[in-house]
Amino acid sequence: MSRKTYLQAINEAVRQEMQRDPRVIVLGEDVAGGQQSSGEPGGVGSVFGQMKGLFNEFGPDRVFDTPISESAIIGAAGGAALTGLRPIAEIMFVDFVGVCFDQIYNQIAKFRYMFGGHAKTPLVIRATAGAGFRAAAQHSQTLHPLFTAVPGLKVVMPSNPYDAKGLLIQAIRDDDPVIFLEQKFLFGMEGEVPDEAYRVPFGEANVAREGRDVTLVAFGAMVPRALAAAEALAKDGLQAEVLDPRTTSPLDEDAILESVEKTGRLVVVDESPPRCSMAGDIAGLVADQGFRSLKAPIKRVTCPHTPVPFAPSLEDAYLPTSARIEAAARAALAYS
Amino acid sequence: MSRKTYLQAINEAVRQEMQRDPRVIVLGEDVAGGQQSSGEPGGVGSVFGQMKGLFNEFGPDRVFDTPISESAIIGAAGGAALTGLRPIAEIMFVDFVGVCFDQIYNQIAKFRYMFGGHAKTPLVIRATAGAGFRAAAQHSQTLHPLFTAVPGLKVVMPSNPYDAKGLLIQAIRDDDPVIFLEQKFLFGMEGEVPDEAYRVPFGEANVAREGRDVTLVAFGAMVPRALAAAEALAKDGLQAEVLDPRTTSPLDEDAILESVEKTGRLVVVDESPPRCSMAGDIAGLVADQGFRSLKAPIKRVTCPHTPVPFAPSLEDAYLPTSARIEAAARAALAYS
Amino acid sequence: MQLSRDDLKRAYRSMFTIRAFEERVEKEFAEGNIPGFAHVYLGQEASGVGVCFDLADDDYIGSTHRGHGHCIAKGVDVKGMMLEIMGKAGGICGGKGGSMHIADMNKGMLGANAIVGGSPPIAVGAALTQKLNKTGKVAVAFSGDGASNQGTTFEALNMAVVLGVPAIFVFENNGYGEHTAASYAVGAPSLAERVRSFGLPCEVVDGMDFFAVREAMGRALEHARNGKGPYALETVCKRFLGHFVGDPQAYRTPQELAEARAADALPRFRAAVTGASLLTDEDLDAIEAEVLAIVEEAAVAGVAAPMPDPDRDLTRDVYLKYA
Amino acid sequence: MQLSRDDLKRAYRSMFTIRAFEERVEKEFAEGNIPGFAHVYLGQEASGVGVCFDLADDDYIGSTHRGHGHCIAKGVDVKGMMLEIMGKAGGICGGKGGSMHIADMNKGMLGANAIVGGSPPIAVGAALTQKLNKTGKVAVAFSGDGASNQGTTFEALNMAVVLGVPAIFVFENNGYGEHTAASYAVGAPSLAERVRSFGLPCEVVDGMDFFAVREAMGRALEHARNGKGPYALETVCKRFLGHFVGDPQAYRTPQELAEARAADALPRFRAAVTGASLLTDEDLDAIEAEVLAIVEEAAVAGVAAPMPDPDRDLTRDVYLKYA
Ligand SMILES: Cc1ncc(C[n+]2csc(CCOP(=O)(O)OP(=O)(O)O)c2C)c(N)n1
Ligand SMILES: Cc1ncc(C[n+]2csc(CCOP(=O)(O)OP(=O)(O)O)c2C)c(N)n1
Ligand SMILES: [Mg+2]
Ligand SMILES: [Mg+2]
């Protein structure tokens, strides 16, 4: 056990799985870096350094750079997965999935079903997600609702270093295609991460904080903000339970329903424009199956229905803040 | 006034707008058809005949075929829209948006916002949508949730010939990009359609049937099924109100909330896999803002979380049926 | 490589199986036994068979919406295909895929594909597996002339060159993408030249001539299997029918259609092998009779077979159930 | 077409404005006055200026993530740009777009683009407008060598040829896409030849030489404006800095970086025009002084300027409000 950053946890997960299973390969733009340049190749290891050192450790047959052609990247990963490899494909920023979305939602996600269960596609798509980097409208999106909407995809949003490693190892060993959304905003977050390999199963929510008064459900980079809101509420003796589903698909519906059964009040925090988001998705689940327990309106704390703005003043207002989460929880608590 | 099919209504809307405004152009694969073939060019007019006759009426500078390159189609339409034309681009089946999704969600949808309000993109993307045609996993999707999730897009799902014409004319005159989802399943549906041009505004729900006991919200091809369910319920004296929002974005939230205020019970019918769908979206809205009126769990009637299967037995079970809608309404009505 | 009599019989059997199968599909479609729509491969038999003739079960192909011929050429079971196209539980994909999604991992058939340009990137990946696992096998991507304009196809060409994988791109140029002529939609003076400019060889070959296609494919295989990277063929074909079964084709003259039929690869093959006294008409007729019986049996069985059971099959084979 | 003294001054002013602006961006970035990241155009000035020199405000360009130079060359206001890059309300896009989304419809600037390959299809559309409205104007798509591999770019090339629109594709080949060499990622032996194979002319030109770029662009304009369809240029450039400001660039040798600087287009231009006695060093120095003052003023104003007001600006300019 030792303290590692979220970034290091990701790197370690991939390294250990590559050591364990020769079928695991890594491909994407600059996952090695410096191919055919005048200087040292392999030193980049992805733009945030997630894959750093892997090219040198595993060589050009296991870790390779690709042209800027995301459809070919995902398609190649899909074809490799169908034929026996276990590729980890990187989309540098998840915002770029628009140029390869067909390969994701019509191809790899559907193979198993369309082919009558006779094919499997063990493939991880890693992509950085999230706002707060002043990276503007085309480099700041989360897009997890887009993937969650697609039958056949599993969607992972780790909120801390421990989960990042364990969920990524699970993703690599999983036989279905997995979208693994690295939360840019959390890359520097530190936490205890075991040195050995371990798995965090999909579809099992983490109770990040227990409480009996109100349930806060949050994903990825919103989890720390929900925890901060819970902390603030605790000062007034209000006990918020913070639930981190870890994966949006599969979703741990039972954990959410059980928590709401206890608290009777629900706030869903989602870093996403509101429409057809996870906020609505979970609200819809609870408004049906958890209706009897509900004591107050379900509150959704999301981004506004706009692209991500560039100016820091706007981007800070764009993202759900712990203050907004706290206010929503108080509104739910005040209702009677 | 005369009886026309849904298909004819679409054709008439485009024809009349092209007559009215020389900036309106039509582009896409086989919207004319037969370019440089040995026989007669222009006779296809889109694979379901939606654009039939327009090539002959308006000529090759207003209606033109493109290569199979959807990114270039949408990008070209976007660039033309930014510079003064009002293009109508066709994506033959909405399922194909995966190969051009970037141009839709990162480009045309975001121009206006990213550019500080100094650009407009008056552009209609017409695409056929929906299951029931035994067209399998890559030709049967609706995908309206995908578009609804994107800030900056307007999303239209006409449920009858009258609306098809009026909403399409509105779409063509609108200054924002509009996704116009032609419901394949309804092409043959007949109804009264005025001969002259008229607009059906966006974001105004149609009360397809009034009722006081339960609210059924449905879109596009699900509206007739919701009406059939309402009819069946009426036999038992149960008065279902059927609401057709017509556009999923903007959404007529007020109409939905008002109806639920009256009925206290809500069923949302959505031809879509359930996750991050309009079913959840509307449930989320009502579970928050309409909570006080709610007398029963909100029921969501959707497709299962699978790709669209090919076999008729499976596809029929895949789609929400009026029987399933009726059962959901009865469950909501029975709750106390 | 010289073809034995058995080889020639196998080639004819494969082409005629496609012919008989597709004509049966036309008929069953007209009779309402095939749901949805169907794109048949009639006229292009020599291309698919020529390409697949020297492939093994562990060589891979990725196909198109017009995939029946590729499947048969690659050895997929005809009955399983017919049942699949009819939406029956006993179909090769359990009735879930249908005409445009036939796949058979045991035969190296990675799927028909209803997205134009869908297969080339996938084939690059299958070829990557072969390269990394040093199998000496290849992956073939079939595309039409129309698909040659899709961005995904171009990307796949470049990616294959950059990664140096044993991918073979076969562009079946039948002159049309749906109802639009290739001469319109392919802006380049030459499809093959455009492919070549990506840095891989591309041969233009008469797609109505089995022998020509197979020989060109032999060079492609030699190249790819020996670590020299990707290769491409443009097989120039004739589409006998419309884009889909039932397309009235006003955009083509009767004369053009007649010319297409006149170029038929099957009589041409027959003339060649009988003329050279390699096989007799009787040999070939016997094959036809056998094949027709198999197709007949498949169709009859298909019509009678049960559809999948929604309760059991609808939500199976995707990892999750909701609703 | 011969360049007057005023033309030459304008050219130098434009190139030097880019130089001064980008160096200021580097400095302001280092001082924390520019949020996010910035891709500067240092080293490629002659390409952007040579391409845009003979364009009018109603000719269009579509740009890239490395767009500042294109904006300046197209006449976008430097102060509006600086404020935008700093995320200020007075920026040309109200602070909403930032470095990668600068656009100015009044200057025919259809936007920088943070998606590699995003602009070429859009430029085809702008060119389509010119063709249909018979304006005699053109639309230019800037792309990098990296972007030349993106499917959208290939599609745009073909579409432009098929539709016969006055689009001009400029591939600024600076040898790198981020940290990967073009020689690796462009599988083809020649980027230009690959473009040509689509059926349009493509010239390779020294992108460090303003005169060469402008002359080639003159031929492109002549071609496109006269209804002959699209045209392309590959301008061979040097990227002085890393991919983004702050990139340590271990993947390039100091020697390569020194060679890049040695090829600097600005001293080269100076030597050419002073050597030919067309302008004096004093003329050029005066321009530099003026430009530096403008950039200084822009930067100072930018630092002091207010950010947008969330209450007023966050949900404006998109058609709907939710949440
Ligand atoms: C991305 C996408 N765009 C459009 C279509 C509709 N479509 C199906 S087949 C076809 C024509 C394909 O032409 P070609 O590649 O020449 O193949 P052929 O039909 O001639 O065998 C088109 C446009 C599709 N299936 N996918
Ligand atoms: C679709 C997409 N993929 C990847 C990126 C990340 N990215 C930004 S710039 C760049 C390199 C572009 O190289 P090139 O086109 O040569 O332009 P240059 O940076 O050299 O000007 C990459 C990979 C992106 N922005 N969009
Ligand atoms: Mg074709
Ligand atoms: Mg470059």
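Since this is a predicted model, take the numbers as computed values, not measurements. Numbers restart at 1 for each chain; the letters A, B, ... are given by sequence-line order, proteins then strands.
Geometrically, D:Arg66 does not engage D:Phe142 in a cation-pi contact, judged by NZ or CZ lying under 6.0 Å from the ring centre and within 45° of the ring axis.
Of the N and O atoms on the side chains of D:Tyr41 and D:Glu172, at least one donor lies less than 3.5 Å from an acceptor on the other residue. Side-chain atoms of A:Ser140 and A:Arg134 include no donor-acceptor pair closer than 3.5 Å. Between the side chains of D:Gln150 and A:Glu70, a donor-acceptor pair is found at a separation under 3.5 Å. For the 3.5 Å distance criterion, the side chains of A:Asp95 and A:Gln141 qualify, holding a donor opposite an acceptor.
Remark: side-chain polar atoms of D:Asp145 are paired, donor with acceptor, to backbone N or O of D:Asn174 under 3.5 angstrom. Judged by distance alone, the side chain of D:Arg239 and the main-chain N or O of D:Gly177 form no donor-acceptor pair under 3.5 Å.
Taking the six-membered ring where tryptophan is involved, the planes of A:Phe133 and A:Phe185 are perpendicular, since the angle between them exceeds 60° and thus also 30°.
The choice from D:Gly98, D:Gly175, D:Gly117 that makes the most heavy-atom pairs within less than 4.5 Å of chain A is D:Gly98. Per-residue counts of heavy-atom pairs under 4.5 Å with chain D were compared for A:Pro273, A:Ala72, A:Ser69, A:Pro309; the largest is that of A:Ser69. Top candidate by heavy-atom pairs under 4.5 Å with chain A, chosen from D:Gly187, D:Gly118, D:Ala185, is D:Ala185. Ranking A:Ser37, A:Ala32, A:Pro67 against chain D, the residue ahead of the rest is A:Ser37, based on heavy-atom pairs under 4.5 Å. Contact count versus chain A (heavy atoms, under 4.5 Å) is highest, among D:Cys93, D:Gly94, D:Gly146, for D:Gly146. Annotation: maximal heavy-atom pairing with chain D below 4.5 Å, among A:Leu314, A:Val47, A:Thr66, occurs at A:Leu314.
Heavy atoms closer than 4.5 Å to chain D are found in both the backbone and the side chain of A:Pro312. Within the 4.5 angstrom heavy-atom criterion, no atom of A:Val301 approaches chain D. Of the atoms belonging to D:Asp309, it is backbone heavy atoms, and not side-chain ones, that fall under 4.5 Å from chain A. If you measure heavy-atom distances from D:Phe244 to chain A, you find no contacts under 4.5 Å at all.
Taking the ring centroids of D:His243 and D:His65, they lie under the 6.0 Å cut-off. The six-membered or imidazole ring of A:His139 lies near that of A:Phe96, with a centre-to-centre distance under 6.0 Å.
With sequence neighbours excluded, the residues satisfying side chain to side chain contact (heavy atoms under 4.5 Å, CB included) with A:Ala80 are A:Leu85, A:Pro87, C:Thr129. Every residue two or more places apart in sequence or in another chain that forms a side chain to side chain contact (heavy atoms under 4.5 Å, CB included) with A:Ala279 is listed here: A:Val268, A:Asp270, A:Ser277, A:Arg300, A:Thr302.
You'll find the side chain of D:Phe171 reaches within 4.5 Å of the side chain of D:Thr153, heavy atoms only. No side-chain heavy atom of A:Asp30 sits under 4.5 Å from any side-chain heavy atom of A:Met51.
Residues from residues 82-92 of chain D that place a non-hydrogen atom less than 4.5 Å from a non-hydrogen atom of chain A comprise D:Glu84, D:Ile85, D:Met86, D:Gly87, given in numerical order. Scanning residues 247-261 of chain D against chain A with a 4.5 Å heavy-atom cutoff picks out D:Ala250, D:Tyr251, D:Arg252, D:Thr253, D:Glu256, ordered by number.
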